[in-house]
*Asks:* 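Below you will find the structure I want to go over with you.
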Number of protein chains: 2
Amino acid sequence: MTRQRLAIFAALAQLGGHRTAEEIYELVRTQYPEVNLSTVYRNLDLGVALGLVTQTDLGGGIRRFEFVRAARHHHLVCQQCGAVAELEDEVLEPLRAALHQRHGFVAHMDHFAIFGICAECQSRRQAAEAQLPG
Amino acid sequence: MTRQRLAIFAALAQLGGHRTAEEIYELVRTQYPEVNLSTVYRNLDLGVALGLVTQTDLGGGIRRFEFVRAARHHHLVCQQCGAVAELEDEVLEPLRAALHQRHGFVAHMDHFAIFGICAECQSRRQAAEAQLPG
DNA sequence: ATAACTGCAAAACTTTTGCAGGAGT
DNA sequence: ACTCCTGCAAAAGTTTTGCAGTTAT
């Protein structure tokens, strides 16, 4: 456990939520200016391999890292306004069971991102359509 | 409709399944050596925008493109052996309904990739564990 | 001591963009 | 004609790698 590794995990914890390697790098650098971005990647990958960290792509092909929490959770990402809502894992439980029963497949859905349109944007869109019929 | 565009869509059709821009590029080049990779990307993006083509990341951060089929489908990707199995859309229907009911969220799950361990690798693993107890 | 970790620099890799010229309708 | 499309080259962006030196245990 080097001081860089500690600082990287601490930064991930301090920032909270889903963070890119770059964001973590920026914070670590305030304390250890010599730390390199590749070290950040190496330690995040290690965290993922050890099961301490999960990674998700919330869109745009950029990985985001987060500490594993007590309660597994997922995300609903609005493709219109960009809002990211949290989703309890239990909603995925029936799907997980169905995949196992019907396909013998053990799904690793630890940190899912589901894309779509959020409730707010739905009603906003409906209101707009009422204004401009046709 | 230029001859490049036609060739790109034809290549996607001919190859079938999920293809990377690079794969399509290679095939198109056998017929039109002067075609550029950026043209492939531009036309695939156009196809996606028109709803003729779907894109999925089957792992590794590389986009894969596929013609839209009559029946919407998804994929089960085995993280151990790399097998990609097909998943009927109806399995996702309850989840879609739950997200709408509980969160007012309209999920755009048109071409999902779910990662995990396939049935074969499950039994292979169990067999190995029986061999090496402990 | 020795194995693991780091910094640096450079590259790998997919994807995007600006621009000038060319093709389609 | 006039817009859309393409080729080229270059860059943008994230992530990986080789290597030599340093650090942890």
Side-chain angles (χ1 to χ4, degrees), chain A residues 1-12 15 17-66 77 79 82 84 111 113 115, chain B residues 1-12 15 17-66 77 79 82 84 111 113 115:
Chain A
M1 177 59 75
T2 59
R3 98 198 99 80
Q4 292 92 329
R5 178 166 298 170
L6 194 64
I8 288 164
F9 287 146
L12 185 56
L15 287 167
H18 310 88
R19 299 300 174 171
T20 63
E22 190 70 34
E23 289 172 338
I24 295 158
Y25 174 53
E26 289 302 331
L27 181 54
V28 170
R29 259 215 302 193
T30 62
Q31 200 174 356
Y32 300 102
E34 77 281 7
V35 164
N36 197 271
L37 181 56
S38 60
T39 301
V40 175
Y41 274 107
R42 283 190 276 233
N43 280 296
L44 290 174
D45 286 343
L46 177 67
V48 171
L50 293 178
L52 299 172
V53 174
T54 53
Q55 50 181 337
T56 314
D57 180 0
L58 257 31
I62 305 167
R63 286 194 288 166
R64 289 179 169 274
F65 299 88
E66 183 178 29
V77 183
Q79 292 173 313
V84 177
H111 201 171
F115 297 85
Chain B
M1 177 61 75
T2 60
R3 104 197 95 80
Q4 292 93 329
R5 178 166 298 170
L6 195 62
I8 288 164
F9 286 146
L12 186 55
L15 287 168
H18 311 86
R19 299 300 173 172
T20 63
E22 190 70 34
E23 288 172 338
I24 295 158
Y25 174 53
E26 290 302 331
L27 181 54
V28 169
R29 260 216 299 196
T30 63
Q31 202 175 354
Y32 300 102
E34 78 281 7
V35 163
N36 198 270
L37 182 56
S38 59
T39 301
V40 175
Y41 273 107
R42 283 191 276 233
N43 279 297
L44 289 173
D45 285 344
L46 177 67
V48 171
L50 294 177
L52 299 172
V53 174
T54 53
Q55 50 181 337
T56 314
D57 181 359
L58 256 30
I62 304 169
R63 285 195 288 167
R64 290 179 168 274
F65 300 88
E66 183 178 28
V77 183
Q79 293 173 312
V84 178
H111 200 171
F115 297 85

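Keep in mind that this is a model prediction, so the values were computed, not measured.
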*Asks:* Is a donor-acceptor contact shorter than 3.5 angstrom present between the side chain of B/R42 and the base of D/dG7?
*Replies:* yes
*Asks:* Can you name the closest pair of heavy atoms from B/A21 and B/Y41 and give their distance?
*Replies:* CB-CZ, 3.4 Å
*Asks:* Report for the helix from C/dA1-D/dT25 to C/dA12-D/dT14: angle between first-end and last-end helix axes, five pairs each, rounded to 10 degrees.
*Replies:*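 Computed angle between terminal axes is 40°.
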*Asks:* Below 4.0 angstrom from OP1 or OP2 of C/dG24, is there any side-chain N or O of B/T2?
*Replies:* no
*Asks:* Could you give the CG-to-P distance, from A/L37 to C/dA11, as a whole number of Å?
*Replies:* 17 Å
*Asks:* To check you understand the geometry: which heavy-atom pair defines the closest contact between B/V35 and B/R29, and what is its length?
*Replies:* O-CG, 4.3 Å
*Asks:* 5'-most contact on DNA chain C: A/V35 or B/F65, nearest heavy atom basis?
*Replies:* A/V35
*Asks:* For residues B/A113 and B/L58, report the shortest heavy-atom separation together with the two atoms involved.
*Replies:*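 For B/A113 and B/L58, the tightest heavy-atom pair comes out as CB-CD1, 3.8 Å.
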*Asks:* Return the minimal non-hydrogen interatomic distance between A/H18 and A/E23, and the atom names on each side.
*Replies:* O-OE1, 4.0 Å
*Asks:* Please state how far atom CG in B/N43 lies from atom C1' in D/dC4, giving the value in whole angstrom units.
*Replies:* 11 Å
*Asks:* Looking at B/S38, does any N or O in its side chain come under 4.0 Å of the phosphate oxygens OP1/OP2 on C/dT16?
*Replies:* no
*Asks:* Quick check: closest heavy atoms across A/L12 and A/V53, and the distance to 0.1 Å?
*Replies:* CD2-CG2, 4.0 Å
*Asks:* Quick one: A/I24 CD1 to D/dT15 P, roughly how many Å, whole number?
*Replies:* 11 Å
*Asks:* With rounding to the nearest 0.5 angstrom, report the CZ to CG distance, B/R19 to B/L44.
*Replies:*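 Output value for this atom pair is 13.0 Å.
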*Asks:* It should be established whether B/Q4 places a side-chain nitrogen or oxygen under 4.0 Å from OP1 or OP2 of nucleotide D/dG7.
*Replies:* yes
*Asks:* Ignoring backbone atoms, test whether B/Y41 places a side-chain nitrogen or oxygen under 4.0 Å from the OP1 or OP2 oxygen of C/dT16.
*Replies:*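 No.
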*Asks:* What's the CZ-C1' distance between B/R3 and D/dC5, to the nearest Å?
*Replies:*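 My rounded result for the distance is 11 Å.
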*Asks:* Any base atoms under 4.0 Å from A/D57, or only sugar-phosphate, or nothing? Heavy atoms, all strands.
*Replies:*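 Nothing, no nucleic acid heavy atom in range.
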*Asks:* Out of curiosity, B/E22 CD to B/R64 CZ, how far, rounded to the nearest 0.5 Å?
*Replies:*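 Result: 11.5 Å between the selected atoms.
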*Asks:* Could you state the interatomic distance from OH (B/Y32) to CG (B/L6), rounded to the nearest 0.5 Å?
*Replies:*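 The OH atom of B/Y32 sits 7.0 Å away from the CG atom of B/L6.
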*Asks:* C/dC13 P sits how many Å from B/R64 CZ, rounded?
*Replies:*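 Taking CZ of B/R64 and P of C/dC13, I get 15 Å after rounding.
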*Asks:* Could you tell me the separation between the CD atom of A/Q31 and the P atom of C/dT6, rounded to a whole number of Å?
*Replies:* 15 Å
*Asks:* Which nucleotide, D/dT6, C/dT15, C/dG7, lies nearest any side-chain atom of B/A21?
*Replies:*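 Among D/dT6, C/dT15, C/dG7, the one nearest the side chain of B/A21 is C/dT15.
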*Asks:* Assign each of B/R63 and A/V40 to its nearest nucleotide of DNA chain C by heavy atoms, then name whichever residue's nucleotide is nearer the 5' end.
*Replies:*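 By nearest-heavy-atom nucleotide position, the 5'-most residue is A/V40.
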*Asks:* A/Y32 OH to D/dT23 C1': how many Å, rounded?
*Replies:* 14 Å
*Asks:* Across the strands shown, which category fits A/T20 at heavy-atom distances under 4.0 angstrom: base, sugar-phosphate, nothing?
*Replies:* nothing
*Asks:* For B/N36 and C/dG21, give me the distance from atom CG to atom C1', rounded to whole Å.
*Replies:* 14 Å
